[in-house]
Amino acid sequence: MRRLLLLLLLCCMALSALARDPSHPRIGLVLSGGGARGAAHVGVLKVLEELRIPISVVVGTSMGALVGGTYASGVSPREMEHSLTTVDWDKLFVDESPREDWPIRRREQSLNPKLDFSIGVNDGKVSLPSGALAGQKVEMFFSQLVKNADGIRNFDELPIPYRAVATNLEDGSMRVFDSGPLPEVMRASMSVPGVFAPVLFEDHIYVDGGLVRNLPIDVARRMGVDLVIAVNLGGGYLPRDQLGSVVGVMAQMVTILTEQNVQRSLKELRPGEDVLIIPELGNMSSSDFNGAAKAIRIGEAAARKAAPRLAHLSVSPEDYAAWLASRPRAVPDRAPITKVDIRGLTYVNPKIFLPLVDHQVGRPLNRPVLDKDIQRLYGRGDFQNINYNLDRQGGSNSLIVNAREKPWGPGYLTFGLGVASDFEGDNRFGLRGTYRRTWMNSLGAEWYTTTQIGNVADFYTEFYQPFSVERSTFIVPSLGAVSAPLNVFQDGNRVAVYQLTRSALGLDLGGTLFDGNAEVRIGAVLANASAELDTGDPSLPTRTTNETGLRASLVYDTLDSAYVPRRGNRLTLDLRSPQSALGADVNFNRAAGRWDGAFAFGANTLVASAEAGKAFGGDMPYYDQFALGGFLHLSGYANDEFRGNQVAFGSLTYYRLISALPPPLGRGIYFGASLEVGELEDTNPLVTKPGTRFGSSVFLGADTWLGPAYFGLGLGGDGNTTGYLILGRP
């Protein structure tokens, strides 16, 4: 006890000495905005700690608010350096949670490539997202950085008093945050207009503080400091060759506005008292977050260059240790969560948050489980962002979850484009539009409609009605029609082209399995197929067939991408059974299954596929038979060149990442190659000879926001060669 009292006495004496000694004034650290260039602040902080300079207050804007708030919360510069240089920034700037966390229904809908951009259509009004990024993963990253400050709302209670600057988007005024949830405040300060969605806080809308005060020296002065150490990152103007786009012009406009207020702030510095540090970042882009390590080194060099001007602010090792010991300690709160308060819901049923509530109430905050639950909820596609904070009152903890629904929802309109050519006369194209209306009732009913125009045209609409918010069981009435060319080949020559039109009115019952990774459906369908001759011998038959009957399907899907997966599996089983007893003109049973598995090693990915199908109980019409031929499905042969009543197929496809695509354009550009083998039996020998065939391909591919894109060359086992150009899935 005596030792503890002695330590406290020494700390008080040291602090008193610092307060009395004019050589140890109250120092305000001011950190400017600058996007990715702001990592240089971490280098400056490393040197300030080496020089043993005690900081009394920290004020920051944008990236300066992030670094400053993290430092003020008690995180050391070296810890920050590790976090900023090891995080995957490319993934951080993709709002979407991993595909494996999506509901199985959404995974299936993602197989229809479309622009990764939604337009809200509700009550006859069209609305757009307020930013390219909602900042979901960014804010979760911030929460992890300052986790020791959970529950601290008054920024004067942090280890170092802190302020962050943001811009009120409604009137252009400056907001100086001295309290609030720290991660959300940092996000508000760095919400660059047009890049990040604005932050709604206390019924006001905030964007990047750099628009009004990028170097907030005056804010630090108002906190009672004697002198300022200001770190200005500079404007980072874009060169002329980057000003030819709307994005470049907008970025340059923001930089111009920012630099104007920085020049005013620089005039507030007091020569001989304040210290200005300018890291020489050159032409480093404000968006080059992967260059964080380089920026940190540049910040260190700039601070060491300023060391002679900082030397008089250094204190003895004993005084610096006393200052460190005297600061309030921000540590994780281990008190159990007594209540979870879900806020911000309008149309989403709060019952979907019950698993999250159950995982937290009655025990200390479990951050990894909470982050996983939020990621799963975000994967539903209903929310602009979800964040959380602790409210400590009377010795108990309340967990507040802010779930902000997409303001442009709950009706979404998206678009897609599909183009494919085998350079052998089979050219297909289609322009697709999809409308999805969610939460039509409290159980989460959805109306989903998609239509495509082009030489491949289709229309499909369904009403998805779950029997509970968990979507464990559901019923789906549907209506669809599709019209596409059907080619008939003989000995490798196209002898006829039909226009195949199908229509179907269906009703399915279904449910989810395997922790939501699978969906099973069983139902009945009123179906009709019509094959009209378009090109070929006029004596060739046309056919219209009633195919009313029963159907069933199972989908299991854990792939991480619908187009170029690196891990996971996908299994589909499908059964169709037209029944004459129900009015069909034909009787047959068609059973088919396919498995795809992805395995990654470094920049390489191997996708294995296996497919099998068989008709029994009767032969199928030609257009219902299993088909082989086309890119990655017996490459080197024409699309669907071979058909039969029994099929077996297998392939190995190799992808090598040669260039990553910046978000949100896509995931990457790949070089690839494939080996394929297929066997058809029970064929019409006049059209397709039974037997085994081989195919292979080499290609350049891309996983893009428009869907998959390929340019390749196929080689068939008979020496056939075919080129392929594919964008999306027409």
Side-chain angles (χ1 to χ4, degrees), residues 27-60 62-89 92 138 140-150 152 155 158-162 164 182-183 186 190 229-231 233 275 277 279-281 284 288-307 310-311 313-332 367:
I27 301 170
L29 179 63
V30 179
L31 305 179
S32 79
R37 298 159 65 91
H41 292 316
V42 178
V44 173
L45 287 171
K46 289 174 66 177
V47 175
L48 293 180
E49 286 204 342
E50 290 176 12
L51 296 174
R52 300 187 304 278
I53 297 177
I55 302 299
S56 300
V57 301
V58 179
V59 182
S62 195
M63 191 66 174
L66 168 63
V67 174
T70 305
Y71 183 60
S73 74
V75 179
S76 73
R78 293 197 179 277
E79 289 177 293
M80 269 192 281
E81 180 179 27
H82 176 76
S83 295
L84 295 181
T85 56
T86 58
V87 68
D88 189 330
W89 289 100
L92 204 64
V138 169
M140 296 296 285
F141 175 61
F142 292 175
S143 296
Q144 180 66 27
L145 280 177
V146 298
K147 60 185 178 183
N148 288 344
D150 277 340
I152 298 178
F155 295 161
L158 292 169
I160 302 176
Y162 165 73
L182 184 55
M186 294 191 301
M190 62 179 297
I229 298 175
V231 184
L233 302 176
V275 178
I277 299 175
E280 298 178 1
L281 293 161
M284 179 180 176
D288 184 15
F289 285 89
N290 290 316
K294 176 183 176 182
I296 292 172
R297 291 194 299 270
I298 293 173
E300 285 187 62
R304 296 191 194 285
K305 186 177 180 181
L310 296 168
L313 302 176
S314 179
V315 300
S316 69
E318 295 77 15
D319 287 345
Y320 194 72
W323 173 74
L324 289 174
S326 69
R327 298 189 306 177
R329 295 187 64 190
V331 296
R367 188 183 300 273

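The shown structure was predicted, so the numbers you read here are calculated from the model rather than taken from an experiment.
Contact of the V67 side chain with the V44 side chain is not registered, since no non-hydrogen atoms from C-beta on lie closer than 4.5 Å. For the pair L233 and H41, the minimum side-chain heavy-atom distance is below 4.5 Å. The shortest distance between side-chain heavy atoms of R37 and P279 does not fall below 4.5 Å. Residues R52 and S316 form no side-chain contact, since every pair of their non-hydrogen atoms from C-beta on lies 4.5 Å or further apart. A heavy-atom distance below 4.5 Å is not found between the side chains of F141 and V138. The shortest distance between side-chain heavy atoms of Y320 and I53 does not fall below 4.5 Å. Contact annotation: the side chain of F155 approaches that of L182 to within less than 4.5 Å [non-hydrogen atoms, C-beta and beyond]. N148 has its side chain out of reach of S73: every pair of non-hydrogen atoms, C-beta onward, lies at least 4.5 Å apart.
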- Item | Candidate pair T70 and V42, rule side chain to side chain contact (heavy atoms under 4.5 Å, CB included), full reasoning | CA-CA 10 Å; T70 305; V42 178; over 6 Å; no
- Decide yes or no on side chain to side chain contact (heavy atoms under 4.5 Å, CB included) for L66 and L145, but give the supporting numbers first. CA-CA 9 Å; L66 168 63; L145 280 177; 3.9 Å; yes
- Message: One pair to check against side chain to side chain contact (heavy atoms under 4.5 Å, CB included): W323 and V315. What are the steps and the verdict?
- Response: CA-CA 10 Å; W323 173 74; V315 300; over 6 Å; no
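Atom CG of D319 sits about 11.0 Å away from atom CG of L324, to the nearest 0.5 Å. Atom NZ of residue K305 and atom CD of residue E300 lie 15.5 Å apart, to the nearest 0.5 angstrom. With rounding to the nearest 0.5 Å, the separation of CG in L92 from CZ in F289 is 9.0 Å. One finds the CG atom of L281 at 8.5 Å from the NZ atom of K294 (value rounded to the nearest 0.5 Å). In this structure, the separation between CD1 on I229 and CD1 on I55 is 4.5 Å, given to the nearest 0.5 Å.
Remark: side-chain polar atoms of Y162 are paired, donor with acceptor, to backbone N or O of A65 under 3.5 angstrom. Under a 3.5 Å cut-off, the side chain of S56 and the backbone N or O of G28 do not form any donor-acceptor pair. A donor-acceptor contact shorter than 3.5 Å links the side chain of S314 to the backbone of L51.
Listed here is the closest heavy atom pair of I296 and A39: CG1-O, 3.2 Å. The heavy-atom pair separating G69 from V146 by the smallest distance is O-CG1, 4.2 Å. Closest heavy-atom contact between P54 and I27: O-CD1, 3.5 Å. Considering all non-hydrogen atoms of both residues, A295 and A36 come closest at CB-O, 4.4 Å. Across every non-hydrogen atom of V47 and A303, the tightest pair is CB-CB, 3.5 Å.
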Determine all donor-acceptor pairs shorter than 3.5 Å in which one atom belongs to a side chain in residues 74-81; sequence neighbours excluded.
unit_1 : atom_1 : unit_2 : atom_2 : d
S76    : OG     : E79    : N      : 3.1
S76    : OG     : E79    : OE1    : 3.2
E79    : OE1    : S76    : N      : 2.9
E81    : OE1    : K46    : NZ     : 3.0
E81    : OE2    : K46    : NZ     : 3.4

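E50 CD: more than 12 foreign heavy atoms inside a 6.0 Å radius.
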